[in-house]
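These notes are about the structure you will find just below.
Sequence lines set the chain letters: A, B, ... in the order given, protein chains first and strands last, and positions in each chain run from 1.
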There are 2 protein chains.
Amino acid sequence: MRRRATAKNVADAAGVSKWTVIRAFTPGASITEESKRRVLQAAAALNYSPNLLARSLATNLTHQVAVFVDDFANPQKLPFLETLTDRLQAEGLVAMLININNHFDHVRALLNADQRQVDAIIMFGTAFRSETLNDRRLGRSMPPMFVLARDSQIDGVPAVVCDAELALKEIVDHLYEKGYRRPGFMAGAPALSTALRRRHHFIDFWKQKGVDETAVISAERYSAQAGAESVRHYLQNTDAKDRVDVLMCENDILAIGALDEIRGQFGLRVPQDMAVIGFDNYELGGASVYGLSTYEQPKDEMVEVVIEMITGRLPPETVTLPGKLIVRNSA
Amino acid sequence: MRRRATAKNVADAAGVSKWTVIRAFTPGASITEESKRRVLQAAAALNYSPNLLARSLATNLTHQVAVFVDDFANPQKLPFLETLTDRLQAEGLVAMLININNHFDHVRALLNADQRQVDAIIMFGTAFRSETLNDRRLGRSMPPMFVLARDSQIDGVPAVVCDAELALKEIVDHLYEKGYRRPGFMAGAPALSTALRRRHHFIDFWKQKGVDETAVISAERYSAQAGAESVRHYLQNTDAKDRVDVLMCENDILAIGALDEIRGQFGLRVPQDMAVIGFDNYELGGASVYGLSTYEQPKDEMVEVVIEMITGRLPPETVTLPGKLIVRNSA
DNA sequence: CACGCGTTTGCACCCGGTAGCAAACACTTT
DNA sequence: AAAGTGTTTGCTACCGGGTGCAAACGCGTG
């Protein structure tokens with residue numbers, strides 16, 4: 001396997017100096033048409049293309065963005081990743097996908113991203129406490145960080161989120177209007193659940209409507225199975241007359257699991273016996289078996305805003321965007 | 001924002017040369033305990049960690065692997081990506097997620113990955129024709145490439161796949177035994193469909209059982225909606241007596257869409273009026289509303305084999321691994 | 001033909017590491 | 001004390017580009 005051609009090789013072939021070669025590849029550089037033509041011809045013959053590693057070292061720009069993800073159970077991540085990578089690539093950037101888990105925690109990921117000189121770090125649906133940044137292993141000058149699709153608890157790190165307050169207001173208004181009065185809320189992983197503030201606003205808006213009691217079901221994780229298990233546990237331990245009449249699930253995956261269990265295992269009718277509403281508008285929730293009412297996050301706009309911040313076209317300040325209530329027949 | 005400390009800075013602080021600093025960070029290098037201690041102390045004080053970019057330039061190893069993905073509709077990609085990133089990270093490698101689409105084709109992605117000096121390229125569920133490598137823009141010495149979860153049509157590029165022949169044999173045997181005799185097959189995107197060879201083997205094994213006629217429904221894409229639409233079209237244009245009695249869908253997402261339409265819109269019973277079987281064992285297929293029979297790919301083993309090839313512990317040769325039939329009640 | 005000015009080109013030095021050799025050092029051995 | 005051996009350390013050269021300045025060039029003008 002032959003080595004890649006370097007600027008020097010092309011320079012020799014074209015009979016110029018390596019700096020002229022570099023100029024031929026630098027848009028707007030001072031070079032005559034003639035030289036440029038000769039260089040490009042020699043470059044094509046040698047199959048030369050600049051080594052981006054060397055360029056990054058010299059310019060201090062890698063055009064790489066680390067994307068931290070810690071929850072692969074939510075299929076909604078996939079369309080987000082699709083849009084994100086597409087938009088990054090349109091800006092000449094590339095996504096380094098970092099899996100945050102028990103073997104690879106936030107500190108290690110930050111350290112690694114920093115060592116690799118990434119231009120920015122996007123925490124997509126994951127975040128850490130502000131004190132984590134004080135970890136002795138971490139340097140004082142990290143790449144710019146952004147939190148996507150969840151609140152930022154980190155000082156000076158902006159977040160781009162769907163407006164939870166507005167979303168839950170619209171949801172509760174809708175449910176109230178439909179006549180439901182005994183609300184329940186199913187939460188996923190405690191840390192993320194708190195950050196999303198969906199539960200908080202849900203309970204709050206019901207209180208504003210004079211409904212003080214909101215049942216809370218803890219699923220602990222975000223997965224259809226966890227949703228099914230926790231609702232099963234709830235139904236088994238709650239008298240029919242005491243049950244909630246509408247269950248809001250923190251995301252569609254929990255909702256789908258719960259809905260399936262409510263109908264399939266307990267034979268209850270949705271929405272008559274118990275209504276269900278989710279969050280995210282995951283494609284399958286729209287399937288006719290589910291007909292899941294839900295709330296859609298403004299994915300494209302959210303990604304767009306993060307990109308604008310990374311490229312510096314927008315100041316790095318937390319942005320809250322409105323989503324859209326999707327009413328189907330589950331609530 | 002202060003600059004990162006360099007080996008030189010640490011060397012000055014510790015009163016040694018920069019090479020001694022580097023030795024302190026090179027496992028097994030020749031250095032006295034005393035020097036190492038002083039260097040590490042100075043390094044900690046300055047928050048020094050080696051610049052991996054510079055290291056990569058010198059060693060010709062980036063410890064980065066490009067992962068090409070072109071279909072984000074299949075939620076099954078997510079658990080694969082989770083395992084893949086986790087295993088890569090365990091080897092000190094990191095995944096660059098490249099979205100192949102209309103704006104960013106294979107040639108551009110290859111060019112970019114090559115310029116960034118990645119150590120390897122994994123084509124996950126995507127591939128191109130062998131001739132693409134002859135594209136004039138591409139250099140002659142690309143990084144090692146591997147195709148994951150689909151056949152490789154590229155000369156000299158190994159694939160790691162689930163054994164389609166074995167899988168379809170098990171599926172057809174099972175369906176035959178259950179008494180089905182009028183099989184149908186729903187295919188997704190033509191290019192990928194051909195590569196997966198599921199249709200080919202499905203039709204083939206039915207012929208071996210004496211069933212020569214297999215209806216083929218083309219969904220054109222892989223999505224629940226495409227599955228629903230194509231089966232709707234099929235049912236609307238086929239007399240009840242002529243309909244297939246079992247429909248094998250190329251993946252679970254198509255199957256879920258189809259199943260939902262068959263039951264929800266046409267009021268048919270599954271499996272009595274028409275049985276359905278998918279492929280991939282996507283979590284939601286197991287929900288009680290669907291009870292989808294399917295076939296599970298050996299995800300962990302497949303990822304493991306790719307990793308072993310990338311790290312050179314296994315020769316780069318196509319590997320075919322057996323999966324597992326999952327019988328639920330849809331077929 | 002010399003001069004002046006704007007454009008092109010070449011150059012020294014830099015980015016932050018790594019490789020491999022040679023000098024410096026420590027410690028035996030004779 | 002000199003020689004021999006093994007370990008540490010420092011140095012030159014290099015990876016493949018980028019920056020900013022100065023020299024060289026081209027061309028119109030007096």
Exercise for the section: May I ask you to say what A/Leu53 touches in the nucleic acid, namely base, sugar-phosphate or nothing, with a heavy-atom cut-off under 4.0 Å? Expected result: nothing
Handout entry: Under 4.0 angstrom between A/Ser35 side-chain N/O and C/dT9 OP1 or OP2
Key = yes
Problem - Nucleotide C/dG17, atom C1' - distance to CZ of B/Phe25 in whole Å - result: 13 Å
Practice task
Just call it for A/Leu57: base, sugar-phosphate, or nothing, with non-hydrogen atoms closer than 4.0 Å on any strand.
Solution key: base
Exercise for the section: Would you indicate, yes or no, if C/dG16 has its OP1 or OP2 atom less than 4.0 angstrom from a side-chain nitrogen or oxygen of B/Thr6? Expected result: no
Handout entry: Distance-only donor-acceptor test, A/Arg23 side-chain atoms vs D/dG18 base atoms, 3.5 Å
Key = no
Exercise for the section: Search all heavy atoms of B/Val69 against all heavy atoms of B/Lys77 and return the closest pair with its distance. Expected result: CG1-CD, 4.2 Å
Fill in the blank from the handout: From the list B/Asp135, B/Thr132, B/Thr126, side-chain hydrogen bond (donor to acceptor under 3.5 Å, both in side chains) with B/His106 holds only for B/Thr126
Handout entry: Ring geometry between B/Phe80 and B/Phe124 (parallel below 30°, tilted from 30 to 60°, perpendicular above 60°)
Key = tilted
Exercise for the section: Nearest whole angstrom, please: distance from the P of C/dC15 to the CD of A/Gln115. Expected result: 19 Å
Fill in the blank from the handout: Between B/Trp19 and B/Asn60, the residue closer to the 5' end of DNA chain D by nearest nucleotide is B/Trp19
Problem - Presence of B/Thr32 side-chain N/O under 4.0 Å of D/dT9 phosphate oxygens OP1/OP2 - result: yes
Problem - Side-chain-base donor-acceptor pair under 3.5 Å for A/Lys18 and D/dG16 - result: no
Practice task
Provide, to the nearest angstrom, the distance between the CD atom belonging to B/Gln117 and the P atom belonging to D/dG16.
Solution key: 8 Å
Handout entry: Phosphate-side-chain proximity, B/Thr20 and D/dG10, N/O vs OP1/OP2 below 4.0 Å
Key = yes
Practice task
Could you state the atom-to-atom distance from CG of B/Leu61 to P of C/dT18 in whole Å?
Solution key: 12 Å
Problem - Spacing of A/Ile22 atom CD1 relative to D/dG20 atom P, expressed in whole Å - result: 14 Å
Exercise for the section: Among C/dG16, C/dG10, D/dG18, find the nucleotide with the atom closest to the side chain of B/Ala58. Expected result: C/dG16
Exercise for the section: May I ask you to say what A/Tyr48 touches in the nucleic acid, namely base, sugar-phosphate or nothing, with a heavy-atom cut-off under 4.0 Å? Expected result: sugar-phosphate
Practice task
Report the distance from atom NZ of A/Lys8 to atom P of C/dG10, rounded to the nearest whole Å.
Solution key: 11 Å
Handout entry: Protein-nucleotide distance (B/Lys36, atom NZ; D/dT7, atom P), rounded to Å
Key = 16 Å
Practice task
Using distance alone, with no hydrogens and no angle criterion, decide if A/Arg116 and A/Asn112 have a side-chain donor and acceptor under 3.5 Å apart.
Solution key: yes
Exercise for the section: Output the single nucleotide from C/dA19, D/dT9, C/dG17 whose closest atom is nearest the side chain of B/Ser30. Expected result: D/dT9
Exercise for the section: Return the set of residues passing side-chain contact (heavy atoms from CB on, under 4.5 Å) with B/Val161 (not counting sequence neighbours), or none when no residue passes. Expected result: B/Asp151, B/Ala159, B/Thr320
Problem - Whole-Å gap separating P (D/dG16) and CG (A/Asp12) - result: 13 Å
